[in-house]
There are 4 protein chains.
Amino acid sequence: MGSTPQPRRGNTRQRIQDVAMELFADQGYDKTSLREIAERLDVTKAALYYHFKTKEDILNSLFEVLNRPVEELLAWGAEQPRTLETKQEILVRYSDALTAAAPLFRFMQENQATVRDLRIGHTMKHRVMALVDLLKDEDAPLSDQVRCFTALMAMHAGVFALRDAEGDPEEKREAALEVAVELVTRAHDHGPGGSAG
Amino acid sequence: MGSTPQPRRGNTRQRIQDVAMELFADQGYDKTSLREIAERLDVTKAALYYHFKTKEDILNSLFEVLNRPVEELLAWGAEQPRTLETKQEILVRYSDALTAAAPLFRFMQENQATVRDLRIGHTMKHRVMALVDLLKDEDAPLSDQVRCFTALMAMHAGVFALRDAEGDPEEKREAALEVAVELVTRAHDHGPGGSAG
Amino acid sequence: MGSTPQPRRGNTRQRIQDVAMELFADQGYDKTSLREIAERLDVTKAALYYHFKTKEDILNSLFEVLNRPVEELLAWGAEQPRTLETKQEILVRYSDALTAAAPLFRFMQENQATVRDLRIGHTMKHRVMALVDLLKDEDAPLSDQVRCFTALMAMHAGVFALRDAEGDPEEKREAALEVAVELVTRAHDHGPGGSAG
Amino acid sequence: MGSTPQPRRGNTRQRIQDVAMELFADQGYDKTSLREIAERLDVTKAALYYHFKTKEDILNSLFEVLNRPVEELLAWGAEQPRTLETKQEILVRYSDALTAAAPLFRFMQENQATVRDLRIGHTMKHRVMALVDLLKDEDAPLSDQVRCFTALMAMHAGVFALRDAEGDPEEKREAALEVAVELVTRAHDHGPGGSAG
DNA sequence: CATGAATGAGTGTTCATTCAT
DNA sequence: AATGAATGAACACTCATTCAT
C-alpha cells in the first residue's frame, strides 16, 4: 500500500486543544495560525472548524479549564468571613489554580494586548478585580490596594515570569506565595483593627 | 549637547513615531498595520520606508527613549555602594523613567509574546535582570529575589495596570513606589547585616 | 412523563424541500448553504445527502412542482386552434401556475445568472420560448414578439416584482393579467386577419 | 530573457473594470472570483486591492457609468410637465441609457438576488421606482401602474432578454421602445383627461 | 521627500461533498 | 434513516515590503 488511512480517531477535539495550548503559549495567539495547528495534527484546517466555530472558540475552550476553579474560589471566598486566615487561604488556593493551568496563565500574561479584545479578556479582568476585592478591606487606602494587587502579580510571576531564573519551580512557587501572603497580611494589618500606622 | 538631530524642517519622522507609539500602545504591535499609521499621517506607506527600514525599526526607535534613562540608571547604580539608600534611590529613579515613557512601558507589558522575538525584547529582559541584580544582595534567598522582582512589577502596575482603578495617576504611582520600597527594604533586611531570621 | 412529540417520521424529504424553497427564494441559491438548511431542520448535512444526491438535486426536485403544470399547459395549447380566445386562456392558466408556485418563480427570476448553468435553467428557457411561440403568430413582426414576451414578463412582475408596491396581491395579479391580455390581443390583431396598420 | 518585466502601466484600474464587467455579466457576481479577474489581467489579487477597497467597490464603480445618466434623466423629468410627450421622451432617453450600459444592465437583471444586499441594489430599486413615478399619473389605477412598470421591463428585455432571439439588436431595441411607448400611452389615456373608461 | 503601483505569502473562514458506522 | 468526522478547494481580504520615478 503506502497511504495509512488514518482511522478517524475520536480524540481530535482534545488533540486540537493540546496543540493549540502549546502553540498559543509558545508563540502567542496572533502568531499561531490555524494552518500551523492543523499541520501539527496532520488534519486539514477545515477539520478544526468541525470541532470549533472560530479560532477564538478554541481559546475560549482552553480558558474554561482555568476559569472554573477560579470561579469556585471566588464563590467560596465570598461566603467566608473577611479574616486574615481567609485571605491567606484564598492565596493558597489561587496559587494551586495557577499552577494547574500554568501555560494558559503565561499565555494570558504575555498576550494582554490581544486578549483584551477577546471574550476571555473581559472575563479574566473581572476575575482579578473580584479577587482583589476579596483580599482588600473596604475603603482600604490606595497603597493597600496596590499591595493586594501586587500579591496576585507576584504569584503570576512565580509561575512563569521567573522561569528564566535558576531554581526548582516548586520552590519558586512557594517563594511567590510567601511574598504574596506577606503583602496581603501587611494590607490587612492596616485595616480597622490593624496595628500599623 | 552636540548637533541637532533634525537638520531638516520635515518633522515627518517624529510624527511617525508619535502616531506609531499611540497605536502600538492602544492596539498592540501586531494589530497595528503600517497602512493604519500612514493613513493617520496622510502619507503613503512607502513614505514610512523612507524614514525607517522596517516596522520593527520604528519600534526600536521608540524604545531608545526608554532605554537610555534606564541604562544610565544601571550605570549609576553599578557604581554606588549596595546600601539600602542606594536601592531606594534606584526605585525612585526607575519610577521616574517609567512615568516618562509610560505608553511604551504599557506596550512592552501587554505585548510580551510579540516583543519576545524582537530586538527590544532581549534588551528589555536584560535591563530588568540587571535591575534586580542591583536590588538584591548576592546569594539572597529565592523569596528575596521574588521580593525585588515583585517590587519592579508593582511599579509597572502602578503606571498602567491599575489604570482602571479609581484615583489620581500620580497618587497611584506613589502608592506603587511605596510598596516597592517596602518590598526591597524587607529583602535588604534579610541580608548579611539584616535583622530578620 | 409526557410523550416526546417529534413526529420525525418519513417526512424529512418534504421538510428539506420546504426549508430549501424558503431559503433559496429569500437569500438566493448561492448564498444558501446546506449547513443552513440542515441547521433549520435540526439534522446534519449528511442527512440531506441521504435524501438528495446534490444541492442542485434539491432545486431540481422543487422545479418539478412548477414544471409539470406548465408542461401540461404547453401540451394543451399545442392542440388548440391559434385563436385569440386560446391565447387568453393560456395567459389565464399560466397566471394560475405562476401563483401556485410563486416562491419558486421569484427565485428563478432573481437567480438567473446562477440558474443559467443549472439543468432547470435550460428547461425554463425552453418553456418560456415555447409559450411565446403559442402566443405569437408565425412570422409576427418583431414588435409583436416583444409584446408576447412582455406579456409573460408582466405576469412574472405581477407575482413578485411589484411586491413592494401597495395593494392586495390578488389585485396585483389580476392587473398584471389584464395588461398581459391586452398586449397579446394587440399582437393578435396585427396578424393576418388583424385590423391594425 | 524569458520573463517580460511587465512595465507598470497606468491603465490598470480601467482594465480591472473592463474585465470585471465582462466576467460579472457572463458568470454572475458570486461566481466571479477576484482570483479570476486578477489572472486575466496577469496581476496578483493584491493589486486589485490597491485600486479598489473591496470586491463590491469594483461593482460600485461600474454602476456609476449607468447611474449618472439615469439620475440626470430623473432630474430632467422632474422639471417637465407631466404630458404624454414628456413621458415618451423619458422612455426614449432611458432606452439610450440602457443601451449605453447594456452589459451592466443585463448583470443587474440576472443577479437580482445577489445585488439586493449590495449598495447598488438599493440605488437601482429607487431609480426604477422614481422612473415609474414619472411615467404614471398620481392615483393611477393598479393596472396602469403595472403598464408603466411593464414598459420599463419591456425595454430591459429588449436589450438583453431577447438576445437569444433572431434579429438585429438595434431593431429589437426599437421594437421594445415601441411597445413601451404603447403601454405608457395607454396608461396616460386612462388619466384625468384621458378618453378610455 | 515621497508616491504610485505592485507583489508574495499569508490569514481566518466557508462550502459542497464523502464515507464508515 | 441518519450521524460524526473529515476533506480539498476555494474565497475575500490584509500585510510588510519593494522599487522605479
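Chain letters run A, B, ... following the sequence lines, proteins first, then strands; residues in each count from 1.
- Closest to the side chain of A:Ser33, out of E:dG4, E:dG8, E:dG12, is E:dG12.
- Searching all strands for a Watson-Crick or G-U wobble partner of E:dG8 with both distances below 3.5 Å returns F:dC15.
- A donor-acceptor contact closer than 3.5 angstrom links the side chains of D:Gln14 and D:Asp18.
- Between the side chain of C:Arg116 and the backbone N or O of D:Asp26 there is at least one donor-acceptor pair closer than 3.5 Å.
- As a whole-Å value, the separation of D:His51 NE2 from E:dT7 P is 9 Å.
- Atom pair B:Tyr50:OH and E:dA2:P shows a separation of 8 Å (rounding to whole Å applied).
- Nucleotide E:dT13 has F:dA10 as its partner under the Watson-Crick or G-U criteria, with both atom distances under 3.5 Å.
- Spacing between atom CG of C:Asp30 and atom P of E:dC15 amounts to 11 Å, rounded to whole angstrom units.
- C:Asp117 and D:Lys31 get closest at one heavy-atom pair: OD2-NZ, 3.0 Å.
- The nucleotide F:dT21 finds its pairing partner in E:dA2, both defining distances of the Watson-Crick or G-U wobble pair being shorter than 3.5 Å.
- To the nearest angstrom, P of F:dA12 lies 13 Å from NZ of D:Lys31.
- Picking from F:dA2, F:dC15, E:dT18 the nucleotide with the shortest atom distance to the side chain of C:Ala47 gives F:dA2.
- The shortest distance between the side-chain N/O atoms of A:Arg35 and the OP1/OP2 oxygens of E:dT11 is below 4.0 Å.
- Residue B:Thr12 has no polar side-chain atom (N or O) positioned under 4.0 Å from OP1 or OP2 of E:dC1.
- Nucleotide F:dA1 holds its C1' atom 13 Å from the CZ atom of C:Arg15, rounded to whole Å.
- Rounded to whole Å, the distance from CG on C:Leu48 to P on E:dC15 is 13 Å.
- Closest contact between the side chain of B:Val43 and the listed nucleotides E:dA16, E:dT3, F:dT7 involves E:dT3.
- The distance from atom OH of C:Tyr29 to atom P of E:dT14 is 20 Å, rounded to the nearest whole Å.
- A heavy-atom distance below 4.5 Å is not found between the side chains of D:Gln17 and D:Val65.
- For the pair A:Ala46 and D:Thr54, both in contact range of DNA chain F, the more 5′-proximal nearest nucleotide belongs to A:Ala46.
- Checking D:Leu34 against B:Lys53, the closest nucleotide of DNA chain F that is more toward the 5' end is the one next to D:Leu34.
- A donor-acceptor pair is defined here as one N or O able to donate and one able to accept, closer than 3.5 Å; such a pair exists between the side chain of D:Gln112 and the backbone of D:Gln109.
- For C:Thr44, taking side-chain heavy atoms from C-beta onward, the closest of the listed nucleotides F:dT3, E:dT17, F:dA16 is F:dT3.
- Between the side chain of A:Lys45 and the base of E:dT13, a donor-acceptor pair under 3.5 Å is found.
- The nearest whole Å value for the distance from the CD1 atom in A:Ile37 to the C1' atom in E:dG12 is 11 Å.
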